[in-house]
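Have a look at the structure below, then the notes.
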Amino acid sequence: MTHMTWGTIATWRMAHEGVVKASELLAQDASAGDAVEALINLVEAYPYYKSVGFGGLPNEEGVVEMDAAFMDGDTLAQGAVAGIHNVMHAVSVARALSAEHYNSFRVGAGATKFAQLQGFEMTNMLTPRAKQVWLNRLAEMRDQDLNPYDGHDTVGAITLNKQGSMAAATSTSGLFMKKAGRVGDSPLSGSGYYVDSTIGGAAATGLGEDIMKGCLAYEIVRRMGEGQTPQQACDAAVYPFIEKLRRRYGKAGEFSLIAMNHQGEWGVATNVEFTFSVATQGNPARILLANPGPDQTTTIEPITQDWLDAYEKRIKAPVPGLADPARN
Ligand code: ASP
């Protein structure tokens, strides 16, 4: 049977232009891997997204350390990097590593060296804007008793092409003010991402330390494999787990999961206001807003223009202390 439907879903409003791009590629018969990489590359290169790639916020020492992963849903090949430095497109490095049977998940200096030797674009990822945000936070933390860890977000995406092949990928600069060497869920198989073309895929964003405790991406794919729809699988994997964490660990960080199955049906679950972008054949890319709903369900509504305008203003807001405050 020829597979005809394509689809893609990705975390946060920041992924939207990437979802548009991936839709164009998928409509033209691109591979699922090319589409997911192109989607994430756009987010990585955009300087105003402060949790991914160029312009991403640094660790507490002022160093931008990135985590990324790529998975091919046909072969189950995976590649990942953690704590990589100075590379424009961490997800492309992860994809290159997915071609290796050995050494396919690399960290720190080894990951950075691999990227350099392979000729990936290397650049200082700490923009003046991100550096100033970091300096301001250091000052705030000196002056007030603040939890330093309140900035993060990952771009995570799933693609399904017309041939029925799927791919998943993630990229993030991780938790703002993290300790050097801290790694989140995003490069970890089964926690931050998972995909199997015969079933579907899932990806996560949010507090990695807690997402890992539930291997949530794998759990969603497993549930879809047992016949649940993506929305059922997301709700059933995420909400009881949040309760379990609260009961047994005492608290649960914020997190959100997305999923798409091999027929292009999709779902999300979240314990915080969460935007995402989704497109399938016949349904052009659109940004939707999800929130936890009643009785372990998720409410999903279209985004409003007001929300989008406020977002645009927020990401480009002048940063106090920056010589040219509007600079990226
Ligand atoms: N999951 C990422 C991490 O823990 C950050 C995020 O998506 O918010 O590094």
Side-chain angles (χ1 to χ4, degrees), residues 9-15 18 39-40 43-44 46 49-53 55-61 63-71 80-85 90-91 94 105 107-108 111 125 130 133-134 137 147-158 168-194 202-220 234 237-238 241-242 245 249 251-259 268-277 290 311 314-315:
I9 185 167
T11 56
W12 302 114
R13 184 263 166 266
M14 66 179 164
L39 187 165
I40 289 190
V43 188
E44 289 174 329
Y46 190 65
Y49 296 146
K50 61 181 173 24
S51 58
V52 177
L57 294 175
N59 67 15
E60 70 170 3
E61 296 172 9
V63 178
V64 182
E65 289 193 326
M66 296 160 289
D67 302 336
F70 174 91
M71 182 165 185
V81 293
I84 194 169
H85 296 166
V91 78
F105 185 174
V107 306
M125 299 297 277
V133 171
W134 168 68
R137 181 63 67 89
N147 177 1
Y149 305 120
D150 79 346
H152 49 90
D153 285 350
T154 299
V155 57
I158 321 291
T170 56
S171 183
T172 185
S173 50
L175 198 56
F176 181 32
M177 286 291 176
K178 63 190 177 184
K179 301 286 180 196
R182 177 264 185 193
V183 176
D185 61 298
S186 309
L188 294 187
S189 172
S191 287
Y193 71 97
Y194 199 80
T205 176
L207 187 66
E209 285 79 353
D210 283 352
I211 296 164
M212 289 180 212
K213 295 182 177 92
C215 298
L216 290 177
Y218 186 79
E219 177 62 9
I220 289 170
C234 285
V238 171
F241 177 67
I242 290 165
L245 266 187
Y249 185 70
K251 58 189 161 209
E254 295 178 347
F255 50 81
S256 314
L257 276 288
I258 57 168
V268 308
T270 184
N271 61 2
V272 62
E273 178 180 289
F274 170 59
T275 54
F276 61 100
S277 180
Y311 176 86
R314 190 164 71 240
I315 64 168

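Read the numbers this way: they start at 1 and go in the same order the structure lists the ligands and their atoms. If you read the sequence from its start, that first residue is 1, and numbering goes on from there. When reading the values below, keep in mind they use all heavy atoms of this one structure, side chains included, and skip hydrogens, waters and symmetry mates.
- Within the 4.5 Å cutoff, the side chain of M177 has heavy atoms near those of the W134 side chain.
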Between ligand 1 and the protein, tabulate every N or O atom pair separated by less than 3.5 Å, reporting distance only.
residue	atom	partner	partner atom	Å
ligand 1	1 (N)	T154	OG1	3.3
ligand 1	1 (N)	D185	OD1	2.6
ligand 1	1 (N)	G206	O	2.7
ligand 1	4 (O)	R182	NH1	3.4
ligand 1	4 (O)	R182	NH2	2.8
ligand 1	4 (O)	D185	OD1	3.4
ligand 1	4 (O)	G206	O	3.2
ligand 1	4 (O)	G208	N	2.8
ligand 1	7 (O)	T154	N	2.9
ligand 1	7 (O)	T154	OG1	2.5
ligand 1	7 (O)	T205	OG1	2.7
ligand 1	7 (O)	G206	N	2.8
ligand 1	8 (O)	H152	ND1	2.4
ligand 1	8 (O)	D153	N	2.8
ligand 1	8 (O)	G206	N	3.2
ligand 1	8 (O)	G206	O	3.4
ligand 1	9 (O)	R182	NH1	2.7

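- Between S191 and A204, the closest heavy-atom pair is O-CB, 3.8 Å.
- K50 forms no cation-pi arrangement with F176, by the criterion of a distance under 6.0 Å to the ring centre and an angle within 45° of the ring axis.
- Remark: R182 engages E209 in a salt bridge, criterion side-chain N to carboxylate O under 4.0 Å.
- Residues meeting the side-chain contact (heavy atoms from CB on, under 4.5 Å) test with A217, sequence neighbours left out: Y194, A202.
- Sparse packing is recorded around OH of Y218, with 12 or fewer heavy atoms of other residues, nucleotides or ligands lying under 6.0 Å away.
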